[in-house]
Amino acid sequence: NAGVMQNPRHLVRRRGQEARLRCSPMKGHSHVYWYRQLPEEGLKFMVYLQKENIIDESGMPKERFSAEFPKEGPSILRIQQVVRGDSAAYFCASSRTGGVGTEAFFGQGTRLTVV
Amino acid sequence: AQKVTQAQTEISVVEKEDVTLDCVYETRDTTYYLFWYKQPPSGELVFLIRRNSFDEQNEISGRYSWNFQKSTSSFNFTITASQVVDSAVYFCALSEASGNTGKLIFGQGTTLQVKP
């Protein structure tokens with residue numbers, strides 16, 4: 001039973017390029033959360049999705065960032081026109097259900113470096 | 001305002017010492033959950049414990065123990081007889097009932113270094 005899979009583990013992009021981060025949840029999990037960890041900081045919630053729906057995107061920057069979780073396939077976090085400040089570790093977590101206290105399982109993260 | 005505060009940025013101890021990591025939280029909800037995660041140097045997040053707001057019993061798991069006190073809004077984590085492998089960043093997190101999304105609010109983390 002594979003855990004949450006994130007790829008790539010490391011991603012280097014030049015300023016202005018697009019970054020696509022993928023997250024395959026655990027089998028049977030239909031809820032996905034994305035978090036961002038800036039250097040030397042804690043994780044910050046970005047977005048919560050269920051299959052084909054964005055439930056809470058209160059932590060997403062207003063521009064350049066988008067997320068999706070299609071009926072088939074992984075969840076994608078997309079960052080357009082990356083800037084140096086986007087350099088961070090992006091973690092995905094999945095759970096079988098949502099709601100307060102849900103135990104979500106984290107992936108190993110994607111470390112994005114913008115040069 | 002910080003909802004989860006981990007006031008200790010870094011702690012350094014010598015192996016076999018006991019160490020307590022502090023976590024203070026803030027919420028208006030009566031139903032909430034508190035979590036602790038470990039992030040070793042390899043970078044992944046390892047779940048340690050989850051506690052709901054109605055259960056104030058302290059918990060012990062091997063060398064790890066947790067002290068939950070609603071009166072002081074604290075959920076402290078103690079490692080007894082620390083080992084070098086305990087060196088990591090430890091995060092405390094809060095899940096509130098309002099919104100009912102299950103999203104976590106993390107503290108800034110405490111970096112623990114255990115020296116041999």
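All chains are named by letter (A, B, ...) in the order of the sequence lines, taking the proteins before the strands, and each is independently numbered beginning at 1. The basis for the numbers below is simple: all heavy atoms, side chains too, and nothing from hydrogens, waters or symmetry mates.
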Toward chain B, the part of [X] with a non-hydrogen atom under 4.5 Å:
X	value
A/Q37	side chain
A/F105	neither
A/A104	backbone

So which of A/G42, A/G98, A/A93 has the biggest tally of heavy-atom pairs under 4.5 Å with chain B? A/G42
[Y] reachable from [X] in the ILVMFWY side-chain graph, under 4.5 Å edges:
X	Y	result
B/V19	B/F75	yes
A/I76	A/I55	no
A/L112	A/V12	no
B/V13	B/W36	yes
A/L49	A/Y35	no

Flag if over 12 foreign heavy atoms under 6.0 Å of [atom1], [X]:
X	atom1	result
A/R15	CZ	no
B/K16	NZ	no
B/K115	NZ	no

Using a heavy-atom cutoff of under 4.5 Å, enumerate the residues of residues 56-75 of chain A that contact chain B, numbered in order, or state 'none'.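 Checking residues 56-75 of chain A against chain B gives A/D56, A/S58.
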Hey, are the side chains of [X] and [Y] touching, using non-hydrogen atoms and a 4.5 Å cut-off?
X	Y	result
A/L43	B/Y37	no
B/Q39	A/F91	yes
A/V100	B/Y33	yes

Between A/Y33 and B/K103, the two heavy atoms sitting closest are CE2-N, 3.8 Å
Heavy-atom closest pair, residues B/S95 and A/G101: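 Scanning both residues, the minimum pair turns out to be OG-N, 2.9 Å.
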Please lay out, stage by stage, how A/E41 and B/F106 fare under the test side chain to side chain contact (heavy atoms under 4.5 Å, CB included). CA-CA 10 Å; A/E41 291 190 15; B/F106 284 85; over 6 Å; no
Passes side chain to side chain contact (heavy atoms under 4.5 Å, CB included), A/F45 versus B/T101? Steps please. CA-CA 11 Å; A/F45 168 78; B/T101 61; 5.5 Å; no
Contact class of B/S98 relative to chain A, heavy atoms under 4.5 angstrom: neither
Chain A: which of B/D29, B/L45, B/T111 shares the most heavy-atom pairs with it under 4.5 Å?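 Most heavy-atom pairs within the cutoff with chain A belong to B/L45.
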Kindly compute the distance separating CD1 (B/I49) from CD (A/E103), expressed to the nearest 0.5 Å. 11.0 Å
